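Notes follow the structure.
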Amino acid sequence: MPEFFEEEEEEEEEALPELDSDRVVMRMAPYPSGPLHIGNARMILLNDEYVKRYNGKLILFFDDTIGSEQKKPLPEAFDMIKEGLEWLDVDWHETYYKSDRMDTYYEYGEKIIEMGESYVCECSAKELRERREKGEACKHRSKTVEQNLEDWHAMLDGEFKEGEAILRLKTDMKYPDPAFRDRVLFRISERTHPLVGDEYRVWPLLEFSWAIDDHLLGMTHILRGKDLVMEDKMEEYIWDIFGWDHPEFLHYGMLRLKDVNLSKSEFQRKISKGKIDGWDDPRTWSLQSLRRRGIQPEALRDFILDFGLSKTDIEVPASKLYAKNRESIDIVANRYFFVPDPVEIELQGEIELEKAEIPRHPDKPERGNRILETGKKVFIPREEYEEYQGQEIRLKNLCNLTLEGNKGIITGFGNKDILKIQWLVEGIDVEVERPDATVEKGLGEKNLEETKAKDIIQFERYGFVKILDKEPFYTVFGHR
RNA sequence: GCUCCCGUAGUGUAGUCCGGCCAAUCAUAUUGGCCUCUCGAGCCAAUGACACGGGUUCAAAUCCCGUCGGGAGCACCA
């Protein structure tokens, strides 16, 4: 067993490119608008994997600037993110908050104005966009350093309202990449921050705050998605202004799960409107929701690390994650019968067996058998009841029968190579929460009483579920 | 439209930097067989790819040019 794992880890590491460095300091920078979800896992696990491999330092850096109206920091997100990291077995060494470092950003913001590299712009967002497109500078660009410093202090002192003034970097309005023309460094926001309240009204944008912090905290490697490649150039531009060394950038492409939507802010809206129960709703694909479904952290890690560091955009079906997870849980999950949407049928003929004995796990006989009562009246799933009318099927470990309406005419008892289905003569009410958040009801065998909450079990022919509650018996569906 | 990135089997991925050891790796998927009283697991086998077109070279998945396709950015979000 240990050998098996060692081997697998070595392969995993070889899949990642080597870093050309003997010292590694990296950071994960989640934005606290909700818990981490499977889409963030790539950023997290790649960082963690590299740092562990090089015995480096990993910093958790909450990117909690004020955000936007559509993307707000959420007070409970901070703890949910840490909870997700712990679940994923990520080791980090220090924790920082952007909102805690505002004075540092102001200090360097002022420096960059003094160096004549930035200016306070009073254009509206619309004007700015139009000029950026045309490559035209506005009149504010040519102000003197003294005027800019004065306006900057006016911004800080609250003399401008939200949207009335911003600090922009002087790159070049003719720069070929329109995205790079005089980007915004600071802007005014009158929203209340969940940690620092109304203490600040001028907030840095990520490019500036990162340029400062990545240098100040001695980052050696910066891992980010392809969607943020332009931030590389911004950071380099700012580092050059201050004459600082450049850390190395690593990029990964966009990861999409087929048929799964992964927007944190969208879920934030739905949750606040009450359309979704909470952050562990299976539809959110948050780490919390995956844990709830019985996904194992090592399966997720395996799944993600398999993609390596490629810049290719990928779309993978969730079934790939399930395949990994099955490797982890198949051997631990004991088997039980669950009859979804049960239909009662009456057996015709003599029943030979008083009890049916079925192993708890087909590959682990040492776990013993579970015993099921037999009887004339048997519940079977409606799906098979309807689909196999007139055909011979087998009640697993009990008997063969031909379905004739609500009657089951017994044809024999020996094992036979026909469809085998689960059945019960008695049982307890069981609910299964499906990945689409609907709840399927059915009958579960009485032996389920021997299980514990949090156990992962398999309902034969149905799939793996995690037990959440025993009274009432409530489970969450993981996958087949 | 402009800028940047990417393009290996159904899906991912190794190999691309430093051309030959690549008639191309591994996983997953699919199909068939074995095993198993689950549509689970396991075992064995098969299927299946270098986007296209030029060029350089004794030799190209690998280098160069072009084309096509996909993605990202062009927010006072991250």
Side-chain angles (χ1 to χ4, degrees), chain A residues 11 14-15 17 29-33 63-73 98 121 123-126 128-129 132-133 135 162-168 175-181 183-189 202-207 209-210 224-233 251 253-256 258 264-265 302-303 305-308 310-317 319-324 326-327 329-331 333 335-337 356-359 361-364 384 394-398 400 414-422 458-464 479-480:
Chain A
E11 276 173 33
E14 277 168 20
Y31 182 73
S33 65
D63 208 354
D64 64 331
T65 52
I66 197 69
S68 65
E69 196 55 45
Q70 299 86 350
K71 210 177 206 175
K72 295 174 189 160
K98 285 271 178 77
C121 177
C123 292
S124 69
K126 185 167 172 268
L128 185 151
R129 189 166 50 241
R132 176 133 65 200
E133 210 170 291
E162 184 167 331
E164 287 182 354
I166 50 175
L167 187 71
R168 296 177 73 180
Y175 201 89
D177 182 350
F180 198 62
R181 294 171 188 161
R183 298 268 306 182
V184 178
L185 262 25
F186 285 87
R187 88 307 196 165
I188 297 166
S189 171
V202 176
W203 289 88
L205 272 77
L206 92 165
E207 30 267 89
S209 58
W210 280 128
R224 56 169 51 127
K226 238 171 65 166
D227 52 330
L228 291 177
V229 278
M230 202 217 10
E231 314 312 330
D232 298 8
K233 272 202 291 188
H251 298 117
M254 308 312 286
L255 165 66
R256 254 183 286 274
K258 220 176 165 89
K264 258 198 268 188
S265 35
D302 232 32
F303 169 73
L305 259 19
D306 233 20
F307 306 135
S310 102
K311 282 206 259 283
T312 319
D313 299 316
I314 50 182
E315 189 172 55
V316 281
S319 58
K320 194 147 184 163
L321 171 63
Y322 302 154
K324 294 278 187 197
R326 211 177 284 125
E327 288 174 20
I329 64 174
D330 184 73
I331 203 68
R335 270 56 168 170
Y336 296 96
F337 277 174
E357 290 195 33
I358 312 178
H361 194 293
D363 307 324
K364 293 277 167 189
E384 281 78 14
R394 178 167 172 78
L395 303 185
K396 190 170 182 259
N397 296 279
L398 180 62
N400 311 318
N415 186 21
K416 211 171 169 182
D417 196 16
I418 49 177
L419 178 76
K420 297 171 191 75
I421 64 168
Q422 72 277 38
Q458 190 206 52
F459 286 145
E460 293 199 48
R461 301 185 65 249
Y462 183 85
F464 294 92
H479 49 81
R480 285 220 144 170

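So that the names make sense, note that chain A is the first sequence line, chain B the second, and so on, each numbered from 1. Here the structure is a predicted model, which is why all the values come from computation and not from measurement.
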Please state how far atom [atom1] in [X] lies from atom [atom2] in [N], giving the value in whole angstrom units.
X: Lys126(A); N: A75(B); atom1: NZ; atom2: P; value: 14 Å
X: Arg181(A); N: C76(B); atom1: CZ; atom2: P; value: 14 Å
X: Asp227(A); N: U3(B); atom1: CG; atom2: P; value: 21 Å
X: Met230(A); N: A75(B); atom1: CE; atom2: P; value: 9 Å
X: Glu207(A); N: C77(B); atom1: CD; atom2: C1'; value: 10 Å
X: Leu205(A); N: C74(B); atom1: CG; atom2: C1'; value: 15 Å
X: Lys311(A); N: A72(B); atom1: NZ; atom2: C1'; value: 13 Å
X: Phe180(A); N: C2(B); atom1: CZ; atom2: P; value: 20 Å

Give one of base, sugar-phosphate or nothing for [X], where a contact means two heavy atoms less than 4.0 Å apart.
X: Gly253(A); value: nothing
X: Val229(A); value: nothing
X: Arg168(A); value: nothing
X: Arg224(A); value: nothing
X: Glu315(A); value: sugar-phosphate
X: Pro176(A); value: sugar-phosphate
X: Thr65(A); value: sugar-phosphate
X: Ile314(A); value: sugar-phosphate
X: Tyr462(A); value: nothing
X: Leu128(A); value: sugar-phosphate

Arg335(A) and side-chain contact (heavy atoms from CB on, under 4.5 Å): which partner among Lys364(A), Gln458(A), Gln422(A)?
-> Gln458(A)
Between Phe303(A) and Lys320(A), is there a cation-pi geometry (under 6.0 Å to ring centre, at most 45° from the normal)?
->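 Not satisfied by the 6.0 Å and 45° rule.
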Cation-pi check, Lys98(A) to Trp203(A): give yes when NZ or CZ is under 6.0 Å from the six-membered ring centre and within 45° of the ring axis, no otherwise.
->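 Because its charged atom misses either the 6.0 Å distance or the 45° angle limit, Lys98(A) does not stack over Trp203(A).
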Under 30°, 30 to 60°, or over 60°: which ring-plane class applies to His479(A) and Phe464(A), parallel, tilted or perpendicular?
-> tilted
Search all heavy atoms of Leu185(A) against all heavy atoms of Arg168(A) and return the closest pair with its distance.
->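 It is CD2-C, 4.1 Å.
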Taking all non-hydrogen atoms of both residues, which atom of Asn397(A) and which atom of Glu357(A) are closest, and how far apart?
->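 Here Asn397(A) and Glu357(A) meet closest at OD1-O, 3.8 Å.
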If I pick the [atom1] atom on [M] and the same atom on [N], what distance separates them, to the nearest angstrom?
N: A49(B); M: U8(B); atom1: P; result: 13 Å
N: G70(B); M: A29(B); atom1: C1'; result: 23 Å
N: G32(B); M: G69(B); atom1: C1'; result: 36 Å
N: A51(B); M: C6(B); atom1: C1'; result: 12 Å
N: C65(B); M: U30(B); atom1: C1'; result: 39 Å
N: U67(B); M: C2(B); atom1: P; result: 12 Å
N: U47(B); M: A27(B); atom1: P; result: 16 Å

Between the base of C37(B) and the side chain of Lys396(A), is there any donor-acceptor pair under 3.5 Å?
->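 In this structure, the two groups form no donor-acceptor pair.
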Examine [N]: is either OP1 or OP2 under 4.0 Å from a nitrogen or oxygen in the side chain of [X]? Give yes or no.
X: Arg187(A); N: A78(B); result: yes
X: Ser310(A); N: U13(B); result: yes
X: Arg132(A); N: G73(B); result: no

Using a strict 4.0 Å threshold on nitrogen-to-oxygen distance, state whether Arg183(A) and Glu207(A) make a salt bridge.
->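 Here Arg183(A) pairs with Glu207(A) in a salt bridge, since their nearest N and O are under 4.0 Å apart.
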Do the charged groups of Asp313(A) and Lys226(A) touch, with an N to O distance under 4.0 Å?
->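 The answer is yes: the pair qualifies as a salt bridge.
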Using purine N1 to pyrimidine N3 plus N6-O4 or O6-N4 for Watson-Crick, or N1-O2 and O6-N3 for G-U wobble, both under 3.5 Å, which nucleotide pairs with A45(B)?
->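 Its partner is U31(B).
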Distances under 3.5 Å between nitrogen or oxygen atoms of protein and nucleotides 41-46 of chain B:
from, atom 1, to, atom 2, distance (Å)
A41(B), OP1, Arg326(A), NH1, 3.1
A41(B), O4', Asp330(A), OD2, 3.3

Between the side chain of Arg187(A) and the main-chain N/O of Pro204(A), is any donor-acceptor distance below 3.5 Å?
-> yes
